[in-house]
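Here the structure is a predicted model, which is why all the values come from computation and not from measurement. In what follows, chains carry the letters A, B, and so on, assigned in the order in which the sequence lines appear, proteins first and then strands, with residues in each chain numbered from 1.
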Amino acid sequence: METSSSRSVHLGEWQKNYFVVTSSTCTPGQKADAYRAQIQSIQYAWANSEISQVCATKLFKRYTEKYSAVIDSDNVETSLNNYAESVLALAGSQQADSDKWQSRLSINNVFKMNNVQEMMQAGKKWKESMLKPVDASVVICKEPTVFELSKFSVCGGSGEGDFLASSIHDTDRTQAIPGSSLGHSQFQSALLPVAANSTKTCPTSSTPSGESATAKFHTTPLFGSTKKETHSFPKTNTGPNMFLSSLSCFPSGCENPREKKAFYGSGNIDMLSDSIPNKASSKTEDSDQREDNSLPTFKTAKEQLWADQKKKCHQSQHASKSSYGSVKKSLGTGKSRGIFAKFVPPVSKQDEDEQNERVKCKPTKAESAELEHPIDDRLKNVEPKMIELIMNEIMDHGPPVHWDDIAGVEFAKATIKEIVVWPMMRPDIFTGLRGPPKGILLFGPPGTGKTLIGKCIASQSGATFFSISASSLTSKWVGEGEKMVRALFAVAQCQQPAVIFIDEIDSLLSQRGDGEHESSRRIKTEFLVQLDGATTSSEDRILVVGATNRPQEIDEAARRRLVKRLYIPLPEPSARKQIVVNLMSKEQCYLSDEEIELVVQQSDGFSGADMTQLCREASLGPIRSLHAADIATISPDQVRPIAYIDFENAFRTVRPSVSPKDLELYENWNGMFGCGM
Amino acid sequence: MSQDDDAEANRVVLETFSSWSREDCRRELPSALPRLLSMYQHSESWIEHIRILKIITDKFLPHVNHLTLEQSVFSQILPKTIRLFDGMIYELTTQATELSSQNLEIQITLRNILQTMAQILGGLTGFVHHVCTTQESVILEYIHSLPSSILHIIKKTFVHCKNSESLYSGRLHLLSDLLQGLFREAYSLQKKLMELLDMACMGPSVDENNILLMVEVIHSLLDVCSVISGMDQAFHANTWKFIIKQSLKHQSVIKSQLKHKEIISSLCEDIVFSFHSCLQLAEQMVQPVAQDNADYRIFQKTLKLCRFFANSLLHYTKEFLPLLSDSCCILHQLYLQIYSKFPPNLCAARISKAQQEEIAGTFLVVLDPLISQLLTFQPFVQAVLDSKLDLPCELQLPQVLLLIVVADKLPSRPKDVQTLWCTEATARVSLIKAIFYSFERCSGELSLTAPLQGVKDNGQAEVSVTLYQHACVHLCAFVASFHPSLFPELDAALLNAVLSTNMTTSLLAMDVWCFLARYGTAELCMHHVTLMAHLIKSCPGECIQLTNLTLLLRRLFFFMTQPHQVEFIQRFSPKEADNLPLWQCISFQSLSADLRKEAACEVIKVCTAQCIKWLSSSHTLAELDYLNTALSALLTVCNSAGDALDIRQQTTVTEVVSQLWAFINIQQVISQPYVQQAFSLLLQLLAFFIQTVDPQLISQVVTLLTSLLKLEPPDHVSLAALDFISSLGRVFIPQAIQDKVLPNLSCIFALLLANKNWLLEQHTLEAFTQFAEGTNHEEIVPQCLNSEEIKNKVVAFLEKTGLVDETEAAIVDRVKQEKGTFGEPAAKVTVGEANGLALQPCTKRARQELPFEEEYRLAFQAAAGALETTEMLLQQAPAPDWLVVELEALQEKIEKLKCCVPG
């Protein structure tokens, strides 16, 4: 039915596609097409009765799994991210109600669907075709192979070996050594397994590789053959029993230590500590990696540390200053982000092929990879120079800022905590609808603490903080602006969780007009695209925080993407008081409460920066009252404290920097687009 | 004689009249005109008729009151004129056959007739001209017989001109000058008439008759249009322009009387016709030609015509949409017809890229607003989504493209329009369903890399994409904007499509579903996963639909949040053997590290327990079912969470696997599907643990495979064997068994490389290269390539050469051929299942017959077998005493049975 030419044509076509999917230069799109073509070929071969249905199903499964790895993952280099970019470009203007989607399919009605019934019928038919009723009782026998088996069962051993093994097994169980594998210690010839022996093999046991593995299993068939012996006399009553008992040691071996965990308690750890601790502590790294494998009864120092840290994070906002500092620091380094990494739903992990799998199975390792060597494939296409520049923009230094350091703006602070800081800390809770926004905009008159809030977000959320001034993107590297933007987001993706803070964002995202320069337009476009890109992969934890005092100039497309728009108003009287008290507390100052109230009253309309300026001016008062000649000789404690009179003088020179007209503008904009009250 | 006298007298009278001055005529009008008219009625001479016509037009018409024109002139003259004209046409057609260059007499007669006809047309032009010049606006009723009569004559003329070639065949050149003149006369007459009609006044107060007249005129023009369509493009276009213009101008009064369906259908016909000629021209130009040659200009002109017609259609439908319910099918077909001739359709004309773009940019763009207009129109929805719409296969792709265009437009429409398209109704399927239905039937186009326009990303260049990607992206975008109230339709339709027997369709549905899962809430994803899990669990056996479902479940699992995964694990606990069918399809990679470890542990525990249970059972085939499920789940754990297993678990698994291996025997692998399944799974598990498998066992497996493959096992068994032997590249084969294993290995490779099935051959190539790259035993690599042919094949594969290069045209031809094959299995499967669907009683009975027959056969085989055994025994040993008696009893029984069988 099939001519040789059509055969060679199909083969050639398949190979062409095979070369595409195995090539390293083809785009994910091409690979997806190639896989689809292969699936189509399978369908054709099946339709043409060249292959059986079982074979077709098998191949279909195999290739669809590979195909879905290309489609579903959000890795930009290797996959298509469900075509999200194109799809959202198409659907972008439409309002999405996906959060209100409700399926009406239920277990009851789904079985009534025609296709489902057909599936059930097909399944039934298949089952019938698999086994003719007459054959159901045919016994699977081991005829010719038995001969071969018996050959090496003789050289192995007999019932004695069985007995030996099970007795060893018992002792083994009582010892319950963490990380040791019952499997191989059991069969280390006839030797009693000593703790030292098994712990030695422990680090290597995570990957079954090389000669050591083969050596370990060398005796396996010995055990197997004995069982077969017992099994070959199924008529005797004892046979099956023996067989079962000898086998049952496997499952129970796995289970028992766990069950007994509570039982053993701390005593067990003590007992163990004789045999292991030295090795364990010297090989912390190994036990780190194998953390999952070790038995729950045993906690390494490292584990304990992690657990403690985890606890701290849960009570973040109540924690003391110093503990914050330490959390922040440890978060900055790669290792401890591991805890957080655990919570990330493993959406992007797909098993593409075995090689990749091996690498990916160590998420803690892979994610902590330092960026100096951009091994991360997301950074492959970015120039190293740019990565370096971006890395320099990471604000990892400077004192940590606390919410308490920001006076007033309680609403904004509460909102940010709710939508930014907590989700960054506990992405496992903030999923789905609770998922954090990808962009927020802080706006308000100058000097009200927007930048401070940005810093605070960084230090409180434990995220990598990129502080980018818009000008550094627009002017520093002319013509490379959009590359910078791309690099920024790529680096941020590798450094998740990350906060990108962009001060004066209006200069970057001002409304697109005719008169603007081509390059700035491109930067803007790239930025918007990236912002959207960050939105699409829901598990990416990148937050863009923009700050501006010209919200009205922001492009509407950008406005849409910066979902939360928070108004940071001028400080309230109470906030102003806090500022004054706070600042004055560091100086020598004698102000009565009434005087402070007066200052606060008089400073109506002052911004936070104005208040600082006022205090600065006032603090100069005592100096001014000195004679110029004395300034060289006077000791610091001879300077008189700051008094109310200094403030009165200061009020003459310091004026509010924000006009009521400007304020009105902000309030209007807030009314229109803001998210606040 | 008296006749001659009459003629003479008439001639004299006519001469007198023609010599009258303007003033004379005005004065004598009341007496002269009736006389002329009566002469016209009674005259037999064409020459006389023409003269009378001329005199009336020139001398008397200017003096007739325009209100009485109809009564006093037209109604008197025109009926007779029509009769005359028809008579002339009749003369022409009857005498034309005798025309020859020798027969001068007939030639002269025919020429005379043609000349007279032209003169009649000229006279009528005079009438029209007169009306046009003397009246500001025309009330049709006052000239009511004029337009209809003229149109009748014009049409006859054009028909005659059109048929002239066949009518006069070889002698056309003898008359062609006159025919051309005739055509020109008719042409200018029609032009004049159209001018006149343009002046027609049709206010809202106009009475019924006037309206009817106008409608009649439009319909007659429509007839004319269909006649001249192939004759003169510009004229044809102008006529259409006029028809559309008039219809729109008097829309308010004539809309209910117009035959919209006829107008639409002939307009559509003309569009398709000119589009086809456009394509033909483009096809002829495929050879690169200069842009400014004549061919290209004609192409452009035709293209413009297409665009003009399409625009006209657009205008017309826009104005009369509510009245077009019965024309929707035609419009739908128009869209399909046009796109079926355009790439990427398989039947498309082969035209160059530049011209494709030109056609698309000039003409096809007009169809888009047309669809936008029709989008809200319920009958159109009905026409497009008709559940009985049985489109031929070349229209399936255009249908998909149309539906995608609709899907693109819907999100911006109000909810009721969306509801209209997205919900099912009597005799109507939903949009999504229809897309999948037609998509499934585009297998041919899918296997081509059909270039369609990609989505413009912000700032990025437009790229061409495959049909699949086009459909996928647009469907996803449609899904993204789905209204919550319509959502139930969506996931039901998707599930339906996932359960398709066509892999590509199912794949599309899965891709869309995965997008949906990421776009929708986590809870929705959880709900879907749970549903699928239930379906998978309750499906009794494997089938392609089940495979599709498991693949989707596997993919969706990656999108679940961790809490939901935990919930899933609790609900479908891996601790229970019942749930193993689920766990064999879930990738453990989708679970977080600790969950993965926990779940993997559970699954391994349960699976090994199942294996042990089997080992201690009676080992019947029926019991293999649960063993296979357990093995398959084991394989999944190993493949997707291999490194989460500790040594102990690995040992347990290898242990059980090698025990089970002992039960494999070749005969059963060849004959029993269940054993084949178990065998394949065991091979794959062994392949996974190859580094820890005992060398003796490896040797044993290789020996068995060698003898098995010689017996040509089913293809999927060979495939599993390939997995095993390619993994052998990763191990060193100990000295002790090398002598045995290596020769067998090369024998296996050689056997499989020579496989007749190209898919198996390809997988062997892949497995072989994998083995050859990894193995330490390089010496056996050349041994596997025992024939020159195979060696060449492998070398070509490694060097990525030897690919067959097909031309584009050859690919299209092949795909066209193969397209037929694709339809078959799907149809076969569904028919088979429909039979199984225990809904109709008749099919149910049919199904029951089969097993009975089977049982009969089995019983008789048993009986025959027993008799044969008896025969054998008789040959070996003496018969017992009772044998004869029993035999007789048997014979009696057989006789009785014979009587029971009817017929």
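Using a 4.5 Å heavy-atom threshold, the side chains of Leu551(B) and Tyr67(A) count as separate. A 4.5 Å side-chain heavy-atom check between Tyr18(A) and Leu765(B) finds every atom pair outside the cut-off. Ser538(B) has its side chain within reach of Phe111(A): a pair of non-hydrogen atoms, C-beta onward, lies under 4.5 Å apart. The closest side-chain heavy-atom distance from Leu446(B) to Arg36(A) is not below 4.5 Å.
With a 4.5 angstrom heavy-atom cutoff, Ala45(A) touches chain B only via side-chain atoms. With a 4.5 Å cut-off on non-hydrogen atoms, Ala56(A) touches chain B through its backbone and its side chain both. Proximity to chain B (any heavy atom under 4.5 Å) is restricted, for Met113(A), to the side chain, taken from C-beta onward. Neither the backbone nor the side chain of Leu760(B) has a heavy atom closer than 4.5 Å to any heavy atom of chain A. If you measure heavy-atom distances from Lys58(A) to chain B, the contacts under 4.5 Å come from the side chain alone. Proximity to chain A (any heavy atom under 4.5 Å) is shown, for Val479(B), by both the backbone and the side chain. Contact of Ile51(A) with chain B is made through backbone and side chain together, with heavy-atom distances under 4.5 Å. Heavy atoms closer than 4.5 Å to chain A are found in both the backbone and the side chain of Phe797(B).
Separation of atoms CG (Leu759(B)) and CH2 (Trp46(A)) is listed at 13.5 Å; rounding is to 0.5 Å. Atom CD of Glu65(A) and atom OG of Ser640(B) lie 9.0 Å apart (nearest 0.5 Å). The distance from atom CD1 of Ile39(A) to atom CG of Asn502(B), rounded to the nearest 0.5 Å, is 11.0 Å. Interatomic distance, His10(A) NE2 to Glu761(B) CD, rounded to the nearest 0.5 Å: 13.5 Å. To the nearest 0.5 angstrom, Tyr83(A) atom OH is 6.5 Å from Asp511(B) atom CG. For the atom pair Gln469(B) CD and Leu80(A) CG, the distance stands at 7.0 Å (nearest 0.5 Å).
Annotation for Cys543(B) and Met119(A): closest pair SG-O, 3.6 Å, computed over non-hydrogen atoms. Closest of all the heavy-atom pairs between Ile42(A) and Met503(B) is CG2-CE, 4.1 Å. Listed here is the closest heavy atom pair of Met120(A) and Cys539(B): SD-CA, 3.5 Å.
Of the possible polar contacts, one joining the Ser98(A) side chain to the Tyr519(B) backbone as a donor-acceptor pair under 3.5 Å is found. For the pair Gln102(A) (side chain) and Phe487(B) (backbone), a donor-acceptor distance under 3.5 Å is absent. The main-chain N or O of Phe482(B) is found under 3.5 Å from a side-chain atom of Trp101(A) such that the two form a donor-acceptor pair. Under a 3.5 Å cut-off, the side chain of Arg104(A) and the backbone N or O of Ala492(B) do not form any donor-acceptor pair. The backbone N or O of Thr57(A) sits nowhere less than 3.5 Å from a side-chain atom of His716(B) that would complete a donor-acceptor pair. A distance-only check finds no donor-acceptor pair linking the side chain of Asn115(A) to the backbone of Ala497(B) [under 3.5 Å].
Per-residue heavy-atom pair counts under 4.5 Å with chain A were compared for Phe732(B), Phe515(B), Tyr468(B), and the maximum is reached by Tyr468(B). The greatest number of non-hydrogen atom pairs below 4.5 Å with chain B, out of Ser106(A), Ala37(A), Ala32(A), Ser103(A), is found for Ser103(A). Ranked by heavy-atom pairs under 4.5 Å with chain A, the first of Leu524(B), Leu535(B), Leu719(B) is Leu535(B). Options Glu766(B), His483(B), Glu623(B) differ in how many heavy-atom pairs under 4.5 Å they form with chain A, and the most are formed by Glu766(B). Ranked by non-hydrogen atom pairs under 4.5 Å with chain A, the options Gln676(B), Glu542(B), His534(B), Met510(B) are led by Glu542(B). Among Ser680(B), Ala622(B), Ser718(B), Ser500(B), the residue with the largest count of heavy-atom pairs under 4.5 Å with chain A is Ala622(B). Interface summary for chain B: among Ser52(A), Ser129(A), Gly123(A), the most heavy-atom pairs under 4.5 angstrom belong to Gly123(A). Heavy-atom pairs under 4.5 Å with chain A were tallied for Thr504(B), Leu507(B), Ile604(B), Asn548(B); the largest tally goes to Leu507(B).
Proximity of the aromatic rings of Trp14(A) and His763(B) is defined here by a centroid distance below 6.0 angstrom, and this criterion is met.
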Run the numbers on Arg518(B) and Asp72(A) for side-chain contact (heavy atoms from CB on, under 4.5 Å), then give the verdict. CA-CA 9 Å; Arg518(B) 291 184 62 177; Asp72(A) 289 346; 5.7 Å; no
Assess whether side-chain contact (heavy atoms from CB on, under 4.5 Å) is satisfied between Thr547(B) and Lys61(A), documenting all intermediate values. CA-CA 7 Å; Thr547(B) 311; Lys61(A) 241 183 204 170; 3.8 Å; yes
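Ion pairing between a basic and an acidic side chain is recognised when a charged N comes within 4.0 Å of a carboxylate O; Lys127(A) and Asp625(B) show such pairing.
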